[in-house]
Amino acid sequence: MGLLALFIVLSKVTIGSFQHIIPILCGVIGAVFVIRYANKSFSLKQKQKAIHYFGWFVSLTLIGFHVYRMLFDNYNFKTDLPLYLCSVLALLIPVFTYYRKYWMFEILVFWIIGGTLQGVITPDIANGFPSFDYFRYWTVHLGLLSIIFYFIFVFKMKPTLRSVFKSFLALQVYVVLMVGLNYVLDSNYFYLNEKPKSASLLDYFGEWPYYIMVGQLIIIPLFLMIYLPFLLLNKRMKSLSK
């Protein structure tokens with residue numbers, strides 16, 4: 001009973017707690033196992049089906065959570081719609097896992113690693129284990145990261161330098177859409193009107209609107225940092241092939 005109490009909380013999940021670290025460890029171990037097993041044992045068709053089914057699992061978990069809240073909770077359409085970046089990605093991920101288009105990968109690899117990873121490091125979870133919110137949060141965030149790394153290590157997809165700017169421009173389209181929607185709904189999707197209540201990287205960027213401007217300025221450097229390992233790997237492979 002004492003051990004169980006370490007995992008069950010009634011408030012937000014805190015950074016560095018058991019409820020923060022344990023899901024990450026499980027997600028990393030699970031992703032590494034699945035990627036290695038897929039590369040070793042699956043045919044191409046099995047690889048495609050496996051990741052598509054998992055994409056639907058991530059998406060349906062999110063949809064189920066919102067349906068549950070609409071039916072049994074005080075759901076607020078101004079604040080609770082699945083329009084934050086990670087939620088939008090979770091809704092769209094089955095499309096990507098089905099069609100597996102390279103232009104989709106170019107956008108998603110930077111959005112997921114750059115955005116979703118921040119959500120893993122600084123979780124914003126209203127209710128801890130064993131709430132539906134807790135499982136939804138980790139399934140979406142760790143699931144999206146697992147999917148994009150599956151495409152990198154199983155399907156061998158790699159972004160190019162041009163992908164950095166494609167992803168950045170696509171993100172600006174999303175920002176513009178959220179600005180308009182926030183105005184209509186008087187909401188705060190993508191935290192464009194107010195920083196999240198939980199700790200996040202935005203806390204270091206000043207108050208509104210400065211954190212938005214700083215965030216925009218660091219997006220391309222951040223995407224370039226994500227691209228750097230791919231660039232170094234490509235250079236190494238070219239040098240070895242000479």
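- Using modelled atom types, one side-chain atom of Lys158 and one backbone atom of Ile152 make a donor-acceptor pair closer than 3.5 Å.
- Checked by atom type and distance alone, the side chain of Ser163 pairs as donor or acceptor with a backbone atom of Thr160 at under 3.5 Å.
- Remark: aromatic rings of Phe223 and Phe168 are distant, center separation not under 6.0 Å.
- By the criterion of side-chain heavy atoms lying less than 4.5 angstrom apart, applied directly or through intervening Ile, Leu, Val, Met, Phe, Trp or Tyr residues, Tyr191 is grouped together with Leu177 in one hydrophobic cluster.
- Checking Tyr84 against Asp124 by side-chain atom types alone, no donor-acceptor pair falls below 3.5 Å.
- A side-chain donor-acceptor contact under 3.5 Å links Asn39 to the backbone of Phe153.
- Put simply, the side chain of Tyr98 never gets that close to the backbone of His52: no donor and acceptor are under 3.5 Å apart.
- When atom types are taken as modelled, the side chain of Ser87 and the backbone of Leu83 share no donor-acceptor pair closer than 3.5 angstrom.
- The backbone N or O of Pro159 lies less than 3.5 Å from no partner atom in the side chain of Tyr227, so there is not a single donor-acceptor pair.
- Between Tyr134 and Pro23 the shortest side-chain heavy-atom distance falls below 4.5 Å.
- In the hydrophobic clustering of this structure, Tyr53 does not group with Leu60; members are Ile, Leu, Val, Met, Phe, Trp, Tyr whose side-chain heavy atoms approach within less than 4.5 Å, directly or through other members.
- Counting only distance, with no hydrogens or angles, the side chain of Asp80 and the backbone of Tyr75 share no donor-acceptor pair below 3.5 Å.
- Using a distance-only test at 3.5 Å, with no hydrogens or angles considered, no donor-acceptor pair links the side chain of Tyr150 to the main chain of Ala38.
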